Amino acid sequence: MNTADQLPKDIRGEQYTGAKTCVKCHQDLSRSYAHSPHGLTSMPVIDQELLKVFAPDSNSFNFGEHEKVVVEKRDSGIYQVAYTDGKEVRAQRFDIAFGSGEKAFTYAYWKGKKLYELPLSYFSAINNWANSPGFPKNTIYYDRGITSRCLECHASYAEKKLTQTSGISLDEEMEKGSLIYGIDCERCHGPGKQHVVFHMENPEEKKSKFITVYKSLTRRQKMDVCGVCHSGNNVLPLKSVFEFQPGDSLGDYYAQEFVGFGGGNPDIHGNQTTMLMSSSCYIKSETMTCQSCHNTHENVKGNLSIYSQRCMSCHKTTNHTKATLAKGMLTSNCIDCHMPKESSKLISFQQAGKEQLSPYMLRSHRIAVYPANSN
């Protein structure tokens, strides 16, 4: 049996080998990445492990005087159960969790070969359940479909089948057994089977062969790799980005669409590359990319001190006013002033007993001197 035949099969094709193969030679990177927001952006819900962060006294959400949804553990799993005047009217199981939990968890259930979003999401900011983002107010809703387009940024692969129903309408089915959870190694580095075979057969060779090495990419190519999932909602998909490989042009997969999402004022949600590229830091630099600040293998999300030190590596001679200096935060928190959190125009959520929607706050990636924080 040759080396290639010894490797596990991967549903994406013969060129792929799966993340478990990468672990054999890259244990430290794989261990760190497995706990990163990219690695955790989707996962199966198989027991109560994913619910241990929840407050035990906050397992329900009231949609009004008569209706509520309760999170319940049953013999076949954990469910979101809808009640009207104390009578159960619907129950659906937690099958998939989306998000790393740093901001929120949103959940979905399978119905045949279709995926649907559950009515309650868990938000870290309030340490409690709330109506899932974008769902109708004061209405229990179980029927919002999740398509492969959502999974393209929250998973590494899902096999789909499209059937034309009438006119231009298409019906999509997905094989749940094909789903590769999280963003895995080969999603960012490209197919790895040839790389693994070569290094297994040539263990003395330490230079990485037959895999994408990020430093070999151009600046535009590096930004395109991140832009697959971080170029926002103002794009029109031309073909599935599950097919994208590092070195490809993102323009072959997305077309820009500026009318439906506010034109040149992109929403804070998912638009990290677009906003970064509008920043003076990026414009004035010939080399700055997402990787200048982010090491996607590590889990330091929310550690403002570490990110501030990365700012200072380029801004050692920056002068601030005495008022700014008096705050005493320059080496520990550049971020809140120059990359403040802003509310999404597209995503909000409703808390129980409150009519007004709560804002979904996300970190701006347009690095700038903001008026209220001018130095």
Side-chain angles (χ1 to χ4, degrees), residues 10-12 16 18-20 22-23 29-46 49-53 94-110 115-118 121-125 132-134 144 146-160 174 176 178-190 224-233 235 237 240-244 246 253 267-273 290-291 293-303 344 346-347 349 360-363 365:
D10 191 284
I11 196 167
R12 289 171 288 191
Y16 290 84
K20 289 183 179 178
C22 304
V23 176
L29 284 179
S30 297
R31 191 179 300 112
S32 174
Y33 185 76
H35 298 283
S36 73
H38 286 91
L40 297 174
T41 193
S42 64
M43 64 199 86
V45 179
I46 54 176
E49 181 68 17
L50 294 178
L51 302 184
K52 66 183 180 181
V53 297
F94 288 80
D95 286 330
I96 298 178
F98 290 100
S100 66
E102 190 260 336
K103 294 183 180 68
F105 283 116
T106 292
Y107 301 92
Y109 69 94
W110 286 103
L115 197 59
Y116 295 91
E117 189 170 346
L118 286 164
S121 294
Y122 194 87
F123 291 87
S124 301
S132 289
R144 182 182 189 181
I146 294 177
T147 67
S148 62
R149 178 71 189 103
C150 303
L151 293 174
E152 285 177 348
C153 291
H154 284 279
S156 291
Y157 184 75
E159 186 177 315
K160 65 180 180 180
M174 293 183 288
K176 58 183 175 182
S178 73
L179 184 55
I180 300 176
Y181 293 96
I183 303 301
D184 75 350
C185 310
E186 290 171 289
R187 188 76 197 273
C188 295
H189 292 282
D224 278 357
V225 171
C226 299
V228 166
C229 296
H230 295 283
S231 56
N233 301 288
V235 291
S240 173
V241 291
F242 280 141
E243 302 172 19
F244 182 93
Y253 294 81
D267 186 64
I268 194 76
H269 177 255
N271 269 297
Q272 290 89 343
T273 56
C290 304
Q291 290 78 31
C293 300
H294 293 285
N295 177 349
T296 53
H297 294 121
E298 65 184 4
N299 183 18
V300 297
K301 195 172 181 69
N303 192 324
S344 170
L346 300 177
I347 299 177
F349 60 94
Y360 191 63
M361 304 298 292
L362 295 165
R363 181 74 61 189
H365 277 66

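The shown structure was predicted, so the numbers you read here are calculated from the model rather than taken from an experiment. Computation of the quantities below employed the complete heavy-atom set of this structure, encompassing side-chain atoms and omitting hydrogens, waters and symmetry-equivalent molecules.
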Distance (rounded to the nearest 0.5 Å) between S178 OG and I180 CD1: 8.0 Å

Taking the basic N atoms (NZ, or NE/NH1/NH2) and the acidic carboxylate oxygens, is any pair closer than 4.0 Å for K20 and D10? no

Whether the side chain of S32 engages the backbone of H297 through a donor-acceptor N/O pair (distance < 3.5 Å, no angle test) should be reported. yes

Nearest heavy atoms of H38 and H230, plus distance in Å: NE2-NE2, 3.8 Å

Search all heavy atoms of D267 against all heavy atoms of N271 and return the closest pair with its distance. O-ND2, 2.8 Å

Report yes or no: do Q272 and H365 form a side-chain donor-acceptor pair below 3.5 Å? no

Go through the steps to decide whether Y109 and L118 satisfy the test side chain to side chain contact (heavy atoms under 4.5 Å, CB included), and finish with yes or no. CA-CA 7 Å; Y109 69 94; L118 286 164; 3.5 Å; yes

Within the structure provided, determine whether F98 and I146 are in side-chain contact (heavy-atom separation under 4.5 Å). yes

Please assess M174 against L151 for the test side chain to side chain contact (heavy atoms under 4.5 Å, CB included), listing each intermediate value before the final yes or no. CA-CA 11 Å; M174 293 183 288; L151 293 174; 3.5 Å; yes

Which atom names give the shortest non-hydrogen contact between W110 and D95, and what distance separates them? N-OD2, 2.9 Å

Determine whether the aromatic ring centres of residues Y122 and F105 are separated by less than 6.0 angstrom. no

Distance in Å, S30 OG paired with D184 CG, rounded so as to fall on 0.5 Å steps: 10.5 Å

Hey, are the side chains of F244 and R187 touching, using non-hydrogen atoms and a 4.5 Å cut-off? no

Which heavy atom of P133 sits nearest to which heavy atom of E117, and what is that distance? CD-OE2, 4.3 Å

On a heavy-atom basis, the closest approach of C153 and I183 is O-CD1, 3.9 Å

Report the distance from atom CG of L179 to atom OG of S42, rounding to the nearest 0.5 Å. 6.0 Å

Tell me, with the steps shown, if K103 and S124 meet side chain to side chain contact (heavy atoms under 4.5 Å, CB included). CA-CA 5 Å; K103 294 183 180 68; S124 301; 5.6 Å; no

Any chance the rings of F123 and F349 have centres within less than 6.0 Å? yes

Just checking, any donor-acceptor pair under 3.5 angstrom between side chains of H154 and T41? yes

Would you say the side chain of I11 lies within less than 4.5 Å of the side chain of Y157, judging by non-hydrogen atoms? yes

Please check if any side-chain donor atom of S121 sits under 3.5 Å from a side-chain acceptor atom of S132, or the reverse. yes

Any non-hydrogen side-chain atom of R149 less than 4.5 Å from a side-chain atom of P237? yes

Check: G182 main-chain N/O paired with S156 side-chain donor or acceptor under 3.5 Å: yes

Counting distance only, does the side-chain N/O of S100 pair as donor-acceptor with the main-chain N or O of P37 below 3.5 Å? no

Can I96 and V45 be said to form a side chain to side chain contact (heavy atoms under 4.5 Å, CB included), step by step? CA-CA 5 Å; I96 298 178; V45 179; 5.7 Å; no

Looking only at heavy atoms, the pair that brings T296 and S36 closest together is O-OG, 3.9 Å

Side chain to side chain, H294 and C226, heavy atoms closer than 4.5 Å: no

Strictly by modelled atom types, are E152 and S240 linked by a side-chain donor-acceptor pair under 3.5 Å? yes

